[in-house]
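Okay, structure first, notes after.
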Amino acid sequence: MITLGIEGTAHTLGAGVVDSEKKVLSNVIDMFRPQEGGLHPREAANHHSDVVASVICRATEEAGITLGDVDLISFSMGPGLGPCLRVAATAARSLSSRLGVPIIGVNHCIAHIEIGNATTGCDDPVLLYASGGNTQVIAYSEGRYRIFGETQDIGIGNMLDKLGRELGLGFYAGPTIEKLAKGGDKLLNLPYSVKGMDVAFSGIMTAALALRKKGHRLEDIAYSVQETAFSMLTEVTERAMAHICKDEVLLGGGVAQNMRLQDMVRIMAEDRGAEMSVPDRKLCVDNGAMIAWLGNIMYGSGVRMDIKDTAIRQRFRTDEVDVVWR
Ligand code: ATP
Ligand code: FE2
């Protein structure tokens, strides 16, 4: 069975094609990068509508198929920004009706987990999902993927991006902050904000900006931000693993590409006799292949949707989905 998946929760419009054998046949992404300032949902949605048709065409071409070969359309139903979600959903509905093939709307966060399970060989991990808009610690328990901890304010990537913008590092600052951090050696004091199993990041950003005003080096600020924020994430991930007795940890989301975060989580996992996995970069960031893959397994276990069931869900929670395929 060939599934075409369309992703459009935030910055990225993506289309990917998978078969039922876990093979990713193509995975094309086109990311909206604002000229200045943060992400404006309407501008991102305009970008998505400009590129959606060509991204889908490229995805089918690169997969070596035509639209006529597609057996199932899946799309990211939420969580995400309304205007962006609507572009992906509208494209998916029109394709499904035009081609006369079924449609499945999927939860974006669960797609990160399932593509990780499919491509890294993980089976029942705790997922640390660290992206721009989302920061959650998720694991399967009694029929659902449950959220064991999450951010109480902004996603870690958004914090890094906002901080980067204020510090003049340009947009999509995560990779720049990672590079700068390598030149830092002084651990500056920043608020370590773990509340129960939840984390909060906005205090770190404010404090980091104040440190810059006091004249501290950018390298030391970047280093301290990473050490503090990533330790918080590692701590709640470890506690989730201990609490529900899981010996696998999976990273997902754009921030999971950060080598320092990977090192911290790997060391924590090894200390517990557990294993860490990270999917390929192109499958870690928001992408259509993961949406296709989740659609494929949901359909395979009997999930069916009518067009009328495919309304977008901006606040679609990970734990609202009955995980019938496990
Ligand atoms: P979501 O809808 O899942 O929240 P998104 O569009 O915000 O997704 P992703 O594509 O998963 O996010 O990831 C983008 C984020 O990852 C950005 O905030 C970016 O700064 C961050 N990022 C990318 N590479 C790195 C890195 N090496 N270190 C830290 N952060 C990174
Ligand atoms: Fe994501």
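Order of appearance sets the numbers: ligands from 1, and atoms from 1 within every ligand. Model, not experiment: these values are computed from the prediction. Along the sequence shown, residues are numbered consecutively beginning with 1. Every heavy atom of this structure was used, including side-chain atoms; hydrogens, water molecules and symmetry mates were not.
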Using non-hydrogen atoms of the residue, decide whether Pro175 is closer than 4.0 angstrom to ligand 1. yes
Which is it for Leu160 and ligand 1 at heavy atoms under 4.0 Å: side chain, backbone, both or neither? side chain
Got a salt bridge between Asp198 and Lys195, using NZ or NE/NH1/NH2 to carboxylate O under 4.0 Å? no
of all protein heavy atoms, closest to atom 5 (P) of ligand 1 is Asp286 OD2, 3.4 Å
What atoms in ligand 1 come closer than 4.0 Å to a heavy atom of Asp161? 17 (C), 18 (O), 19 (C), 20 (O)
SB check Asp247 Arg272 (cutoff 4.0 Å): no
Taking the basic N atoms (NZ, or NE/NH1/NH2) and the acidic carboxylate oxygens, is any pair closer than 4.0 Å for Asp306 and Lys308? yes
Taking atom 28 (N) of ligand 1 as the reference point, the nearest protein heavy atom with its distance: Asn258 ND2, 3.0 Å
Which residue holds the protein heavy atom closest to atom 27 (N) of ligand 1, what is that atom called, and what is the gap in Å? Glu178 OE1, 2.7 Å
Should Asn296 and Ser20 be marked as a side chain to side chain donor-acceptor pair (under 3.5 Å) after you check the CA-CA gap, both sets of side-chain angles, and the distance that decides it? CA-CA 7 Å; Asn296 169 79; Ser20 300; 3.3 Å; yes
Surrounding CD of Glu275 (heavy atoms of other residues, nucleotides or ligands, distance under 6.0 Å), is the total greater than 12? no
Is the distance from the Fe ion (ligand 2) to some N, O or S atom of Tyr129 under 2.8 Å? yes
Should Gly174 be counted as touching ligand 1, given the test is an N or O pair under 3.5 Å? yes
Considering only NZ, NE, NH1 and NH2 on the basic side and carboxylate oxygens on the acidic side, decide whether Arg313 and Glu320 come within less than 4.0 Å. yes
Taking heavy atoms and a distance under 4.0 Å, where does His108 meet ligand 1: side chain, backbone, both or neither? side chain
Which ligand 1 atoms does Ser131 reach within 4.0 Å, using its non-hydrogen atoms? 1 (P), 3 (O), 4 (O), 8 (O), 11 (O), 12 (O)
Does the side chain of Met268 come within less than 4.5 Å of Met241's, by heavy atoms? yes
The closest protein heavy-atom partner of atom 19 (C) of ligand 1 is Tyr172 CE1, 3.5 Å
Gly133-ligand 1 polar pair, N/O distance under 3.5 Å: yes
Enumerated ligand 1 atoms positioned under 4.0 Å from heavy atoms of Thr9: 2 (O)
Report yes or no: does a heavy atom of Gly80 sit under 4.0 Å from some atom of ligand 1? no
Basic-acidic side-chain contact under 4.0 Å: Glu227, Arg260: yes
Return yes if some donor-acceptor pair links the side-chain N/O of Ser26 with the main-chain N/O of Ala59 below 3.5 Å, else return no. yes
Among Glu114, Gln136, Arg317, which residue satisfies the side-chain hydrogen bond (donor to acceptor under 3.5 Å, both in side chains) criterion with Tyr145? Glu114
Does the N or O separation between Gly132 and ligand 1 drop below 3.5 Å for any pair? yes
Under 4.0 Å to a heavy atom of Gly253 - the qualifying atoms of ligand 1, by number: 11 (O)
From Val255, Asn287, Leu261, Ile177 - option closest to atom 21 (C) of ligand 1 by heavy atom: Val255
May I ask you to check if ligand 1 and Gly254 share an N or O to N or O distance below 3.5 Å? yes
If only atom types and distance count, is the side chain of Glu7 paired as donor or acceptor with the main-chain N or O of Ile291 below 3.5 Å? no
Under a 4.0 angstrom heavy-atom cut-off, which atoms of ligand 1 come close to Val285? 10 (O), 11 (O)
Close-contact set for ligand 1 against Tyr129 heavy atoms, below 4.0 Å: 1 (P), 3 (O)
Result for side-chain hydrogen bond (donor to acceptor under 3.5 Å, both in side chains) between His112 and one of Asn107, Asn134, Asp286 points to Asp286
Could Arg304 and Tyr299 be counted as a cation-pi pair, given that NZ or CZ must be under 6.0 Å from the ring centre and within 45° of the axis? yes
If the cut-off is 4.0 Å to any non-hydrogen atom of Gly157, which atoms of ligand 1 fall inside it? 18 (O)
So is Thr12 close enough to ligand 1, meaning a heavy atom under 4.0 angstrom away? no
Under a 4.0 Å N-O cut-off, is there an ion pair linking Arg239 with Glu235? yes
Working to 10°, measure the angle at the Fe ion (ligand 2) formed by atom OD1 of Asp286 and atom NE2 of His112. 100°
